[in-house]
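Working notes for the structure below.
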Amino acid sequence: MADYQRKTALAPAEIIKKAEILLPQAIGLERSGEESEPDICYVGDEGIVTLSLHRHGPYTSVTASTNQLRTSRIDYEIQKFLTELPYEPGDKPGRGSGDPTQ
């Protein structure tokens, strides 16, 4: 029952490609057959995540909605997933340079 948002330079197809790799590995979520553009739904034992992707010029707005509390594992992993989406073209995925490494 939490929403997380990120603006990224990636196109929706690239975001879906990353999600198809990272979400099953990190949280065991699989893409659901019940979805409609621009929403993609992933389900698993940890819960449900819906990614809403909206392209605005050179950027895509990504909203990740979960059905779990903000303190759940799924919410933690979704926040990590969103940090893997580059904010600007050429950005490296992951934590920013100002963040501690551990």
Side-chain angles (χ1 to χ4, degrees):
M1 302 194 279
D3 292 338
Y4 304 95
Q5 192 167 24
R6 172 120 173 140
K7 181 177 106 173
T8 179
L10 294 180
E14 295 171 295
I15 297 165
I16 293 168
K17 188 175 179 180
K18 276 189 168 291
E20 295 292 322
I21 295 168
L22 295 174
L23 296 183
Q25 288 177 356
I27 324 170
L29 299 180
E30 296 297 329
R31 193 166 172 176
S32 167
E34 298 186 25
E35 51 196 48
S36 60
E37 285 289 327
D39 299 337
I40 295 101
C41 186
Y42 294 87
V43 297
D45 291 341
E46 296 287 334
I48 300 170
V49 174
T50 302
L51 297 179
S52 297
L53 311 173
H54 300 277
R55 190 71 175 175
H56 301 285
Y59 297 100
T60 302
S61 174
V62 181
T63 302
S65 303
T66 73
N67 70 334
Q68 301 296 314
L69 299 174
R70 288 190 182 271
T71 56
S72 70
R73 178 173 173 238
I74 197 169
D75 284 75
Y76 173 74
E77 294 294 343
I78 288 301
Q79 290 175 63
K80 282 177 42 180
F81 166 73
L82 291 175
T83 65
E84 294 296 316
L85 306 177
Y87 184 70
E88 294 286 342
D91 282 353
K92 294 179 183 173
R95 294 174 169 234
S97 61
D99 289 338
T101 56
Q102 293 290 328

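Remember, it's a predicted structure, so these values are computed and weren't measured experimentally. Just so you know, residue 1 is the first one in the sequence shown, and it goes up from there.
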Go through the structure and list residues passing salt bridge (Lys or Arg N to Asp or Glu O under 4.0 Å) with Arg55, not counting sequence neighbours. none
Measure the shortest side-chain to side-chain distance between Leu51 and Phe81 over non-hydrogen atoms and say whether it is less than 4.5 angstrom. yes
Which pair of heavy atoms, one from Cys41 and one from Thr50, lies closest together, and at what distance? SG-OG1, 4.0 Å
Any side-chain to backbone donor/acceptor pair from Asp75 onto Ser72? Under 3.5 Å, distance only. no
Smallest heavy-atom separation, Thr60 atom then Ala11 atom, equals OG1-CA, 3.8 Å
Check the surroundings of atom NZ in Lys17: do more than 12 heavy atoms from other residues, nucleotides or ligands lie under 6.0 Å from it? no
Pairing residues for Gln5 by the side-chain contact (heavy atoms from CB on, under 4.5 Å) criterion, not counting sequence neighbours: Ser61, Thr63
Members sharing Tyr87's hydrophobic cluster (side chains within less than 4.5 Å): none
Contacts of Asn67 that satisfy side chain to side chain donor-acceptor pair (under 3.5 Å) - sequence neighbours left out: none
Rounded to the nearest 0.5 Å, what separates atom CD in Glu14 from atom CG in Leu85? 10.0 Å
Which residues pass the side chain to side chain donor-acceptor pair (under 3.5 Å) test with Gln25, not counting sequence neighbours? none
Glu77: which residues meet the side chain to side chain donor-acceptor pair (under 3.5 Å) condition with it, sequence neighbours left out? none
So, using side chain to side chain donor-acceptor pair (under 3.5 Å) as the criterion, who are the partners of Ser52 when residues are at least two apart? Asp39
Same cluster or not: are Tyr4 and Val62 linked, directly or through other Ile, Leu, Val, Met, Phe, Trp or Tyr residues, by side-chain heavy atoms under 4.5 angstrom apart? yes
Within residues 41-51 or reaching into it, pairs that qualify as salt bridge (Lys or Arg N to Asp or Glu O under 4.0 Å) - sequence neighbours excluded: Glu46-Arg73
Applying the 4.5 Å side-chain criterion to the ILVMFWY set and letting contacts propagate, would Val49 and Leu82 be lumped into a single cluster? yes
Please examine the side chains of Ile78 and Leu23, heavy atoms only from C-beta on, and report whether any two atoms are closer than 4.5 Å. yes
To the closest 0.5 Å, what do you measure between NE2 (His54) and NZ (Lys7)? 15.5 Å
What residues form a salt bridge (Lys or Arg N to Asp or Glu O under 4.0 Å) with Glu20, not counting sequence neighbours? Arg31
Flag the pair Leu10 / Lys18 as yes when at least one side-chain heavy-atom distance between them is below 4.5 Å, and no otherwise. yes
For a side-chain contact (heavy atoms from CB on, under 4.5 Å) check, start with the C-alpha distance between Asp91 and Thr8, then their side-chain angles and the critical distance, and finish with the verdict. CA-CA 10 Å; Asp91 282 353; Thr8 179; over 6 Å; no
What's the verdict on side-chain contact (heavy atoms from CB on, under 4.5 Å) for Leu53 and Ile16, showing C-alpha distance, side-chain angles and the deciding distance? CA-CA 9 Å; Leu53 311 173; Ile16 293 168; 3.7 Å; yes
Tell me whether Ile27 shares a hydrophobic cluster with Leu22, the cluster being built from Ile, Leu, Val, Met, Phe, Trp, Tyr side chains joined at under 4.5 Å. yes
